[in-house]
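Down below is the structure, laid out as structure tokens.
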Amino acid sequence: MSHATAADLSSARRVLIHGVTGSGKSTAAARIGRVLGLPVHLADEEIGFLPASEATWTNREPDDMRTIAAEIAERPEWVLDAAYGCFRDMLVERADVVVGLDYPRWLSLGRLLRRTAARLRDRTPVCNGNRETLRQTLGKHSIIAWHVQTFAKKRATMRSWAEDPAGPPTILVSSPDQLDALIAAVSA
């Protein structure tokens, strides 16, 4: 079973949110966790990045990410807002449902640009206490460049899960309105 429904989400105890950078995965995870009464985990905060330092953002080593992700995956209940490639397999394997935010590029990129500008302006800490800088935003490790580089692959991944009968149960939503309707159906 790879196509899942609101009913599948209603009974799910382990939910993985998947989508391109800027699609709103963390917000969707928080909303779904609230409706289902499940603990929400944020991949960038808890798994991906080391706590902020005076220097630059630092990713955890892949083995450390896998260890942390495995601990979360083993729990009976969770909503996780993303799964990096180095630990995605164990989360997909344990997820009751994957919610894929299959939004068009203009929407996710627009959200990402607005979010990045606001974080630059307000100096909002993200990703385990790190702060976005103009140098980083325009540099080699730009979140905007990451969006452009990974958009097609992330989108293809969630679409393949939804089409593959052996894939994880997947609900694709193609607009924020569809996500709202899904959450409303689960709330009812």
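Side chains are part of it too, since the values below use all heavy atoms of this structure and drop only hydrogens, waters and symmetry mates. For this chain, numbers begin at 1 and follow the sequence in order. For clarity, every value in this text was computed on a predicted model and none was experimentally measured.
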For this session: Can you tell me which residue pairs pass the ring pair (Phe, Tyr, Trp, His ring centres under 6.0 Å) test with a partner in residues 14-33, sequence neighbours excluded?
Result: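 For residues 14-33, and leaving out neighbouring residues, the ring pair (Phe, Tyr, Trp, His ring centres under 6.0 Å) pairs sorted by first residue read H18-W161.
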Exercise. Quick one: ring pair (Phe, Tyr, Trp, His ring centres under 6.0 Å) pairs with a partner in residues 28-48, sequence neighbours left out?
Worked result: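 Residue pairs passing ring pair (Phe, Tyr, Trp, His ring centres under 6.0 Å), neighbours aside: none found.
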Exercise. Between K25 and D44, does at least one N-O distance fall below 4.0 Å, as a salt bridge requires?
Worked result: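 Salt bridge between K25 and D44, a charged N being under 4.0 Å from a carboxylate O: no.
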Exercise. Below 4.0 angstrom, N of the basic side chain to O of the carboxylate: do R14 and D96 qualify?
Worked result: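 A salt bridge links R14 with D96.
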Is there a donor-acceptor pair closer than 3.5 Å between any side-chain N or O of [X] and the backbone N or O of [Y]?
X    : Y   : value
R60  : I47 : yes
D102 : G19 : no
R66  : C86 : yes
E46  : L42 : yes
R88  : A83 : yes
R13  : E77 : no

Problem set entry | Pair listing, side chain to side chain donor-acceptor pair (under 3.5 Å) test, anchored in residues 114-123, at least two apart |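 Counting only pairs at least two positions apart or across chains, the side chain to side chain donor-acceptor pair (under 3.5 Å) contacts touching residues 114-123 are R119-E132.
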Problem set entry | Residues D8 and T5: side-chain donor-acceptor under 3.5 angstrom |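 A donor-acceptor contact under 3.5 Å links the two side chains.
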Taking only residues two or more places apart in sequence or in another chain, which ones pass side chain to side chain contact (heavy atoms under 4.5 Å, CB included) with [X]?
X    : answer
S187 : V35, I183
A145 : S142, Q149
A28  : I17, L101, L179
A152 : none

By side-chain hydrogen bond (donor to acceptor under 3.5 Å, both in side chains) - contacts of [X] (at least two apart):
X    : answer
R34  : none
Q178 : S174
D180 : R31
E61  : none

Exercise. Of the non-hydrogen atoms in A69 and M90, which two are nearest, and what is the gap between them?
Worked result: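 Smallest interatomic distance, heavy atoms only, reads C-SD, 3.8 Å.
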For this session: Give the intermediate values and the outcome of side chain to side chain donor-acceptor pair (under 3.5 Å) for residues T21 and K154.
Result: CA-CA 9 Å; T21 303; K154 288 180 180 181; 3.1 Å; yes
For this session: For Y103, check ring pair (Phe, Tyr, Trp, His ring centres under 6.0 Å) against everything at least two apart and list the hits.
Result: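 Counting only residues at least two positions away or on another chain, Y103 forms no ring pair (Phe, Tyr, Trp, His ring centres under 6.0 Å).
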